[in-house]
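In what follows, a structure is listed as structure tokens, so that the remarks can point back to it.
Remember, it's a predicted structure, so these values are computed and weren't measured experimentally. Below, chains carry the letters A, B, ... as their sequence lines are ordered, and counting in each starts from 1.
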Amino acid sequence: MPELPEVEVTRLSFAQAIQGASIIAASAGKPLRWALGCDAGSLVGRQVLGVGRRGKYLLIELDQGWLLVHLGMSGSLRFARELPPGGIHDHFEMVTTQGVLRLNDPRRFGCVVYVSRLEDAQAVKLLGKLGMEPLTEAFDLKLFAAGLHQRKAAIKQVLLAGDLVVGVGNIYASEALFMAAIRPTLSADALSKPQVARLHAAIKNVLTRAVQKGGSTLKDFSSASGQTGYFQLEAMVYGRANLPCKQCGNYIKMIRQGQRATFYCPICQKR
DNA sequence: AGAAAATCCTGGTGGC
DNA sequence: TGCCACCAGGATTTTC
């Protein structure tokens, strides 16, 4: 499940290699979450200036326009000089002077969207409500505290919502809350000042370490160069229901919050 | 009005 | 083997 670390690892794995490339051919397969928004053929001749990221979106900057790429929950990009013939789950491909970029996404919850400017309606719709970037200076402790203070939903669900801070998906929300020793069900506005500070630090710490480990490969995630991640091996609580807590030895509990699994240690995360 | 909760999309997987 | 429930990220819809 690509969350911010997986998207960032993907970005790092091909951004340099594709920079400066010119598009020779482009094609779209089955429909994704959103339509491409232009004729794929019209991308031919454009140049790739760079690859950025906003939340879980990759922003491929072209000399004219942008491609917004989201990996959804099963998407992965591959970039190489040559790639084997495409399979049934390959839904976007771009041949460039420096290699082939291809999106594989079995569940098609992802998207590749072309916009001429980031101010275009479709870009604003997709990016406009995103919260703070957790790995930059934008992730301000005071703004974070103020945002949490006006939410009554469970802290885990506020983290997942993405309108306060982006990129913290299901895995890293559970992990960050464990690291900060906060019960996932605690109402966001009930966090004490020290708890907010611990959570702020834990989110940055967990996401940074996950990027360093190449992300989490639960099923089939790999970077654009084919590398799998290792952070799942360091998970303290995620996916460890009924296994002993690595910190205190008591059993990790799994509950359901808004149709999603949450993992926590009832002893280490008392409230 | 704004926040929270429910629903929907898809295909792989595991249990029976 | 086949069927079915389940899972996941996030936009949209519904409810409060």
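Closest approach of A:Pro134 and A:Ile203 over heavy atoms only: CB-CG2, 3.9 Å. Heavy-atom minimum distance, A:Arg81 versus A:Val100: O-CG2, 4.0 Å.
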Item to complete: Carefully, step by step, assess A:Asp189 and A:Lys152 under the rule salt bridge (Lys or Arg N to Asp or Glu O under 4.0 Å).
Response: CA-CA 6 Å; A:Asp189 68 353; A:Lys152 292 193 190 316; 3.4 Å; yes

Practice prompt. For side chain to side chain contact (heavy atoms under 4.5 Å, CB included), just list the numbers for A:Lys125 and A:Trp34, CA-CA rounded to whole Å, side-chain angles, deciding distance to a tenth of an Å, and then say yes or no.
Written response: CA-CA 11 Å; A:Lys125 185 176 117 187; A:Trp34 308 111; 3.6 Å; yes

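Residues from residues 149-165 of chain A lying near DNA chain B, meaning a heavy-atom separation below 4.0 Å, are A:Arg151, A:Lys152, A:Ala153 in numerical order.
Under 4.0 angstrom from either OP1 or OP2 of C:dG9 there lies at least one side-chain N or O belonging to A:Arg260. At C:dA8, none of the side-chain N or O atoms of A:Arg107 fall inside 4.0 Å of OP1 or OP2 (strictly under the cut-off).
Salt bridge absent: A:Asp105 and A:Arg108 never bring a charged side-chain N and a carboxylate O closer than 4.0 Å.
When the C1' atom of C:dG10 is taken as reference, atom CZ of A:Arg108 falls 17 Å away, rounded to whole Å. Rounded to whole Å, the distance from CG on A:Leu71 to P on B:dC9 is 22 Å. As rounded to whole Å, 10 Å separates atom P of C:dG9 from atom CD of A:Glu6. As rounded to whole Å, 7 Å separates atom P of C:dG9 from atom CD1 of A:Ile171. Across the protein-nucleic acid pair, A:Ile88 atom CD1 and B:dG11 atom C1' stand 10 Å apart, rounded to whole Å. Here C:dG9 presents its P atom at 13 Å from CD of A:Gln259, a figure rounded to the nearest Å. Distance, A:Gln257 CD to B:dA5 C1': 13 Å, rounded to whole Å. B:dG11 atom C1' lies 14 Å from atom CG of A:Leu32, rounded to whole Å.
Other residues, nucleotides and ligands contribute more than 12 heavy atoms inside 6.0 Å of the CZ atom of A:Phe139.
Remark: the A:Thr262 side chain and the A:Gln257 side chain contain an N/O donor-acceptor pair separated by less than 3.5 Å. A:Asn242 and A:Lys253 form no side-chain donor-acceptor contact under 3.5 Å, judged by distance and modelled atom types alone.
Listed by chain and number, the residues in a side-chain contact (heavy atoms from CB on, under 4.5 Å) with A:His89 are A:His91, A:Asn104, A:Pro106 (sequence neighbours excluded). The side-chain contact (heavy atoms from CB on, under 4.5 Å) test applied to A:Arg198 returns A:Ala180, A:Ala181, A:Ile182, A:Pro194, A:Gln195, not counting sequence neighbours.
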Check residues 51-62 of chain A and write down every donor-acceptor pair under 3.5 Å in which the side-chain atom is one partner and the other belongs to a residue at least two apart or another chain.
from	atom 1	to	atom 2	distance (Å)
A:Arg53	NE	A:Glu8	OE1	2.7
A:Arg53	NH1	A:Gly55	O	3.0
A:Arg53	NH1	A:Glu133	OE1	3.0
A:Arg54	NH1	A:Gly131	O	3.1
A:Arg54	NH1	A:Glu133	OE2	2.9
A:Arg54	NH2	A:Leu130	O	3.2
A:Arg54	NH2	A:Gly131	O	2.8

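Using five terminal pairs a side, the axes of the helix from B:dG2-C:dC16 to B:dC16-C:dG2 at its two ends make an angle of 50°, given in steps of 10 degrees.
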Discussion item. Please encode protein proximity along nucleotides 11-16 of chain C as a string of B, S and -, counting only heavy-atom distances under 4.0 Å.
Written reply: SS----

